[in-house]
Amino acid sequence: MQLRLSWTDPASQRLRRPLLSPPIALGQTFEAMPAAISGKSVSRMVISDRQISDFQALLVEIEGDIYLIDNGGQTCINQQQISGQERLTQGDRIRIGQTELQLQLMDAPSSSPSQGSTHLQTIPAPVIEPESATPNRDRPIAPLEPLGNADSPSSVIPPSGGSSKHHLNGHARSEPPLSRPELFGNDLSRNGFSRNGLSPDGLSPNIEPLPTTNGHAPSNGLARPAEDNGLPTAPPPASKTPPAPQISQAPTQRPTSPTQIPKQSNIHQPFKQANSAPPSGCRRIVGFLLKRPCGRATNIGCNHCAKGYSNHAYSADYDLYEGFGRFEPGEWGYDLLENQSKT
Amino acid sequence: MASNIYPFNARDFRNNPVYRHQAPLAGIQAELQKIADFYHRLERQYNYFTVALIICIAVPLILLFTLPILRELGWLLIFGFLLAGIYAGTMRQRARQWQFPRDRDRLFSDVLKLVKRDMDPQTPLDIQLCLGKVTQTGKAIQQRPDPHNPNHSLEDWRNPWFGIKGQFLDGSLFSLRLVERVTLSHPPKGATSTPQQSEKPKPQNRSKAKEQTSVCEGFDLSLRLHVDPQQYGNLTPLAPHLSGAIKRLPGAELIHHYSEEQDLSFTLSLPPAFTASLIYQSTTMLFLSAYHVLQLASQLHQPKQAIPTAGLSTTEFSSNGFRPEIEPGDLPGQEPRGGLN
């Protein structure tokens with residue numbers, strides 16, 4: 001998946017519209033941003049805005065969704081300040097400092113190079129973690145990317161070069177999306193995950209993304225025509241950017257209330273069901289002391305998912321016990337674990 | 001101590017305001033709503049009888065000025081209103097005895113919602129909610145002379161507010177109990193038996209009750225857990241380290257803690273200034289502390305597992321006995337359901 005971020009540079013007042021592949025770091029200082037995360041090179045975007053921090057935020061792709069992880073500054077999405085991480089959807093406006101960036105999900109990149117890509121201060125990072133370059137069989141199968149993605153001039157070159165590209169049924173496949181432990185390793189606190197001990201996205205690493213075995217590249221990487229699967233396609237949200245033309249406009253089952261169709265999952269859901277993949281279900285993590293997946297087969301009707309929230313439930317209660325579930329150096333329990341590991 | 005068993009019976013509850021029930025949470029919450037309605041009804045009655053009492057006092061006073069006109073009829077009306085006033089005053093006093101302890105009920109409901117998060121909705125809860133006064137539902141444990149008033153003696157009472165027993169989704173049995181420490185000051189009883197000898201002290205009569213003064217000395221909040229050893233291993237080695245894992249609000253003291261094999265227990269002493277909101281926060285912190293300990297125990301029990309840095313991963317869900325139940329038949333809007341392995 002590729003993203004197009006559009007914003008007006010505060011220094012030059014010029015419109016920037018780079019086309020990038022996640023992970024993408026946003027900040028003021030190039031060196032302060034990570035070069036690579038678990039073998040994935042990070043697109044580091046330097047924004048000349050004094051009100052943002054050296055490393056303000058990170059955009060990552062997890063299981064096909066884009067998440068913005070606030071790294072400790074003031075970050076707003078659609079005029080609402082966030083803390084921790086939030087899932088992004090098509091057309092979301094990210095405001096950091098005085099700069100507002102508009103997000104466009106560009107799963108099917110155009111053949112022409114991005115207009116703003118020449119201004120992009122993106123440097124492919126060197127391979128830092130060679131072990132991650134080898135294909136990991138434990139990783140979930142990733143959705144097929146459209147043809148020609150590897151040739152996209154603005155895409156970030158993977159550290160492992162061609163070795164990370166797989167081919168199935170003659171189609172190029174992207175690297176599997178990184179799961180949470182791969183992405184953040186032990187450095188979760190820097191990326192806003194440490195608070196409350198919550199899973200960053202509510203996604204289970206065991207949940208497989210959408211497999212495509214019929215040789216059709218999914219439009220937008222998210223959905224495919226409903227006539228392929230015979231399932232009704234939910235209408236796209238009216239407030240968002242119109243869907244790609246490949247998305248079917250077949251008769252749909254309209255919701256009885258606006259909350260019945262989640263913000264973005266109306267695009268995801270038919271495709272997932274059509275491929276008889278393990279249903280990803282509601283991505284909400286429930287429970288307080290014992291966190292667990294929601295377990296619903298569908299996220300339709302889930303107010304939590306419909307609002308696009310990540311897992312901040314009970315955050316006020318978690319605040320009462322800072323470091324719940326963490327055993328980091330200096331915290332209670334770390335010594336016991338260390339002693340155990342030594343013995 | 002008698003108990004009120006499902007279904008809720010208002011008449012029995014009047015005699016003994018202790019509600020005991022063992023049922024799934026949904027049933028308990030429905031019953032609690034009945035209790036709340038019962039108290040609201042009594043509150044309305046209290047207001048009505050207060051108005052009636054004022055009328056029954058004011059009207060005879062006015063009638064006194066009309067006696068030259070009404071004569072015998074005036075006296076009859078005055079007498080009738082006085083009788084009605086006595087009845088209204090009696091009923092008002094009766095309703096006043098049942099003033100709704102809103103904080104206690106609200107706190108209990110909040111704690112139920114807290115434990116509900118990690119429970120199977122069908123798992124029964126064993127609850128006890130005491131809504132009476134300390135002399136109705138409490139228990140005297142000690143009597144001593146009042147150092148400031150030689151004519152009075154002090155009695156230390158333990159007034160249970162509520163107790164909850166249940167089972168979390170990981171199979172752990174928990175027991176939460178909140179007890180209010182109350183000191184009653186009253187004139188010496190003379191040769192009557194000491195409260196230690198009588199486990200069920202009789203309610204004080206009205207004259208003594210007027211002389212009594214009760215002072216809340218604080219609260220004891222205790223949590224006990226009986227966990228599955230296959231998931232958490234032996235908890236005994238953690239005993240010397242427990243106090244460091246317990247986080248509490250300023251003013252709260254950890255007065256008791258132990259861990260032994262499958263059992264874990266903490267008791268906090270909360271100051272009397274703690275409101276229902278602070279008691280709820282302390283309860284939450286106690287649960288979090290206990291499960292922080294259990295997560296470490298789980299890690300120590302499974303040494304192959306990497307040290308977690310944040311929360312529980314899905315791998316840990318399964319190690320903790322959780323497995324997401326994904327059922328195609330789940331209806332939209334249905335409450336999430338957990339499942340035990």
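Letters go in sequence order (proteins before strands), and every chain restarts at 1. Computed from a prediction, not measured in an experiment: that's the story for all the values here.
- Closest of all the heavy-atom pairs between A:L289 and B:Q295 is O-NE2, 4.2 Å.
- Heavy atoms closer than 4.5 Å to chain B are found nowhere in A:E331, neither backbone nor side chain.
- The line from CG of A:L320 to CZ of B:F287 is 13.5 Å long, rounded to the nearest 0.5 Å.
- Other residues, nucleotides and ligands contribute only 12 or fewer heavy atoms inside 6.0 Å of the CZ atom of B:R224.
- Residue with the most contacts toward chain A among B:T284, B:L114, B:V115, B:L238: B:T284 (heavy-atom pairs, distance under 4.5 Å).
- Atom OH in A:Y321 sits 4.0 Å away from atom NE2 in B:H292 (nearest 0.5 Å).
- B:V293 and A:W332 make their closest contact through CG2-CH2, 3.8 Å (heavy atoms, listed as atom of the first residue, atom of the second, distance).
- Proximity to chain A at a heavy-atom threshold of 4.5 Å picks out B:H241, B:G244, B:A245, B:K247 from residues 241-257 of chain B, in numerical order.
- For B:S289, the parts lying under 4.5 angstrom from a heavy atom of chain A are both the backbone and the side chain.
- The environment of CZ in B:R158 is crowded: more than 12 heavy-atom neighbours from other residues, nucleotides or ligands sit within 6.0 Å.
- The two residues A:Q340 and B:L300 make their nearest non-hydrogen contact at NE2-O, 2.7 Å.
- The two residues B:L288 and A:F324 have their closest heavy-atom pair at O-CE1, 3.2 Å.
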